[in-house]
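What follows is one structure encoded as structure tokens, with my remarks underneath.
Residue numbers count from 1 along this sequence. What you are looking at is a predicted structure, and each value in this text was computed from that prediction instead of being measured.
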Amino acid sequence: MNISEKILILGDDINTDDIIPAKRGTNADPVHLARYALEHLIGEGKLLEYDIIEAGYNFGCGSSREFAPIAIKAAGIKKVRARSFAEIFYRNSINIGLSLEIIGDSQQNPVVDAIARAGGLIPFNQKRLRDKVSVPKSLTPARSMTMAEKMLARASGNAFVQPGEVIFAKVDLAMSHDAIAGPVAQLFYQHFGEKAKVWNANKVVLVADHFIQINDIRKDEGATTMHQQMVQFAREQGCHLLDVVSPGEAAGICHVLLPEKGFIRPGMVIAGTDSHSCTYGAFGCFSTGVGTTDMANLFATGDMWVRVPGTLLFELSGTLPKQIGAKDIMLFILGQIGCNGATGKAIEFRGSIIEQLPIDERMTLANMAIECGAMCGLIAPDEVTIEYVQSRTQEEFEVITSDRDAEYEQIYRFDLSNLEPQIACPPKPDRVVGISELGEVPITRAFIGSCTGGKLFDLAQAAEVLKGRRVDPRVSLFVVPASREVRQKAEELGYLDILERAGAQVLKSGCGACINAGIGVLGKQETGIYATNRNFKGRSGDPTARNYLASPRVVAISAVRGKISDRIDDK
């Protein structure tokens, strides 16, 4: 190492909102991204002064946005060294040629090395398409496998696979949204030809949901342009487009909308340009987030490279207390294993608790597996799953489950009979305490929405609390139904009337405040409690604000009490 090289030392769990805040994501210019890289941690433009980044565990956790490694590379960083990397960030960095080093790990993989030698994924795949390079078949001998391993083996044309090996898996569905699809389209045409066609238009779904409301809170022409680029690409390619249904109103948030529309079926392998694509694992799919380069290549080849993950098994037993939900369960798990407790792994949920949960709640568990660092969260299909799927599609599907003697890297067993409401304190989802340990925390904002907290079950929880009550005048409560279907059903069931009578502001469907792109964001020095999935610094508003995460029920109670609480009738 050159002793004149300037090294930036960072800690654990440096997330993608730290690396490049979401609000900067409507401008793909590398110079712009370099300027704002790590602005919340070291200041605007400061990363340009360094040559190397050295960090702890789980570097690059959070979003799948490839703008994070692009920003680092554009700032002139020669290498990022860390104890471990979040899997999506690792893949994105390899794909664009950003040099990574896992401290203390000398393991090498021939496929990853070949991609790196080629200069990134695009030149590697261009060679594959010309038959200049091929991916070897797995040499893994016969073995029992988990759900994740079985789906990846089948998708890669192998009889068996094992954790750690790299395979190319054919995908059954590819999803992208307005915050990413435009840059994906540009990259696809740039490298595979101006008249290139996606490998299978019927297997591509594009959704308008992320930045369509950003102009409600600040002027951003880039967001409008990105939406237009996505719509144009969908028309050129003839793929599925789930567009806005009125100005600034989504048909739904992608992770709720796709199951509703019958795109999701058990046994599928799914890739989405969003880290919460793991939501579809609630239906027995292997589903994971990917970056821009991965998706552009996938559009050309129909497959993606994957390091086969080991699987962590969570056996959740007992009888869930009446007022406890999936958000409490997931926050509890985060508190137990941390944001890096499942880095690069698959999480499989099973047990009597899972059997008690409706589909909406199972989606919450699978959705937030990424907050533990997992590639996907899986729940084996049962009668509840099959009934839901068959009500949405007539397409055939295959239920895939783990072998009885499958090998799990670790098994966690939790009896949740006495679980109390859980709260994630800022600035990380794993800073979790039971609500009885929290102390007095006054709030100014409350938010019930997002792919995690805006489903029909979530709104039902909030309505049950707010019926006949009023939101504290010092608190602004925002509610965002996760889709038009959710809104319509909530209206028919009287939930929206209850919420509005209580003083909540019901907003149009979309990602909005969750990604700092719509009404409901936190202002300077504000404190809020949100039923979203992340509370990283600046994620849902001003970086000086403090954001606590909780279940929709606790968010509703807190809005009435003016402070974080789960005791609605104890004033």
Side-chain angles (χ1 to χ4, degrees), residues 147 151 154-155 170-178 181 198-209 230-231 234 237-245 249-274 276-289 295 298 302 357-367 376-401 451-452 454-459 481-490 492 509-511:
M147 291 173 64
M151 285 184 271
R154 185 180 67 174
K170 287 284 184 184
V171 304
D172 299 297
L173 189 73
M175 184 279 296
S176 191
H177 52 64
D178 58 295
V198 299
W199 96 104
N200 188 330
N202 197 45
K203 294 184 177 182
V204 177
V205 184
L206 304 181
V207 184
D209 64 355
M230 181 187 75
V231 172
Q237 297 293 329
C239 54
H240 299 282
L241 174 64
L242 303 176
D243 201 2
V244 295
V245 293
E249 181 179 10
I253 300 171
C254 54
H255 307 310
V256 175
L257 193 57
L258 264 61
E260 282 183 356
K261 297 298 184 183
F263 287 105
I264 309 300
R265 303 182 299 279
M268 297 176 76
V269 172
I270 302 170
T273 54
D274 190 286
H276 290 110
S277 297
C278 53
T279 304
Y280 314 129
F283 301 90
C285 306
F286 181 89
S287 185
T288 195
M295 188 57 73
L298 198 158
L357 297 179
I359 281 292
D360 279 3
E361 290 284 82
R362 297 179 188 195
M363 289 171 68
T364 296
L365 286 184
N367 176 286
C376 62
L378 288 158
I379 297 174
D382 59 8
E383 290 181 7
V384 173
T385 319
I386 293 170
E387 181 181 349
Y388 179 94
V389 172
Q390 289 181 336
S391 73
R392 302 287 172 165
T393 178
Q394 300 302 311
E395 296 283 342
E396 294 184 357
F397 56 85
E398 180 183 357
V399 171
I400 296 175
T401 58
C451 54
T452 313
K455 302 180 295 301
L456 188 64
F457 188 89
D458 303 318
L459 302 191
S483 71
R484 286 196 84 194
E485 179 179 316
V486 170
R487 176 185 292 272
Q488 289 165 358
K489 288 185 176 179
E492 291 168 6
S509 296
C511 295

Verdict with supporting geometry, Lys203 and Val171, side-chain contact (heavy atoms from CB on, under 4.5 Å): CA-CA 9 Å; Lys203 294 184 177 182; Val171 304; over 6 Å; no
Quick check: closest heavy atoms across [X] and [Y], and the distance to 0.1 Å?
X: Gly267; Y: Asp172; result: O-OD2, 4.2 Å
X: Ala366; Y: Cys278; result: O-SG, 3.3 Å
X: Val256; Y: Ala482; result: CG2-CB, 3.7 Å
X: Val204; Y: Cys239; result: O-CB, 3.4 Å
X: Val269; Y: Ala155; result: CG2-CB, 3.8 Å
X: Pro381; Y: Thr385; result: CA-OG1, 3.5 Å

Residues in side-chain hydrogen bond (donor to acceptor under 3.5 Å, both in side chains) contact with [X], at least two apart in sequence or another chain:
X: Ser509; result: none
X: Ser287; result: none
X: Asp274; result: His177, His210, His255
X: Arg484; result: none

Are the side chains of Tyr388 and Pro259 in touch, meaning some heavy atoms are under 4.5 Å apart?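 They are in contact (side-chain heavy atoms under 4.5 Å apart), so the answer is yes.
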For a 4.5 angstrom cut-off between non-hydrogen side-chain atoms, does Leu459 reach Val486? yes
At what distance, to the nearest 0.5 angstrom, does [atom1] of [X] lie from [atom2] of [Y]?
X: Ile264; Y: Thr279; atom1: CD1; atom2: OG1; answer: 9.5 Å
X: Thr364; Y: Ile359; atom1: OG1; atom2: CD1; answer: 11.0 Å
X: Asp178; Y: Thr273; atom1: CG; atom2: OG1; answer: 9.5 Å
X: Met363; Y: Glu361; atom1: CE; atom2: CD; answer: 11.0 Å
X: Ile400; Y: Met151; atom1: CD1; atom2: CE; answer: 5.5 Å
X: Leu173; Y: Asn200; atom1: CG; atom2: CG; answer: 10.0 Å

List for me each residue that meets side-chain contact (heavy atoms from CB on, under 4.5 Å) alongside Lys170, sequence neighbours excluded, and say none if there are none.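 Checked Lys170 against side-chain contact (heavy atoms from CB on, under 4.5 Å); matches are Asp303.
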List in chain and number order the residues that pass side-chain contact (heavy atoms from CB on, under 4.5 Å) with Asp243, two or more places apart in sequence or in another chain; answer none if no residue qualifies.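 Listed in chain order: Ala208, His227, Val231, Leu241.
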Who pairs with Phe263 by ring-ring contact (aromatic ring centres under 6.0 Å, His included), at least two apart in sequence or on another chain? His240
List in chain and number order the residues that pass ring-ring contact (aromatic ring centres under 6.0 Å, His included) with Phe457, two or more places apart in sequence or in another chain; answer none if no residue qualifies. none
Please step through side-chain contact (heavy atoms from CB on, under 4.5 Å) for the pair Leu257 and Val207, ending with a clear verdict. CA-CA 9 Å; Leu257 193 57; Val207 184; 4.1 Å; yes
Would Leu258 and Met175 satisfy side-chain contact (heavy atoms from CB on, under 4.5 Å), going step by step from the backbone distance to the final call? CA-CA 9 Å; Leu258 264 61; Met175 184 279 296; 3.8 Å; yes
Which pairs pass salt bridge (charged side-chain N to carboxylate O under 4.0 Å, His left out) with one or both residues in residues 385-396, sequence neighbours excluded?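 Those involving residues 385-396 are Arg392-Glu485.
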Can you pull out every side chain to side chain donor-acceptor pair (under 3.5 Å) where at least one residue sits in residues 256-272? Sequence neighbours excluded, please.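 Sorted result for residues 256-272: Glu260-Ser483.
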Results of salt bridge (charged side-chain N to carboxylate O under 4.0 Å, His left out) for Asp382 - residues two or more places apart only: Arg362
Using salt bridge (charged side-chain N to carboxylate O under 4.0 Å, His left out) as the criterion, list what pairs up with Asp209, not counting sequence neighbours. none
Do Asp458 and Asp360 pass the side-chain contact (heavy atoms from CB on, under 4.5 Å) test, and can you show the C-alpha distance, the side-chain angles, and the key distance before you say yes or no? CA-CA 8 Å; Asp458 303 318; Asp360 279 3; 5.8 Å; no
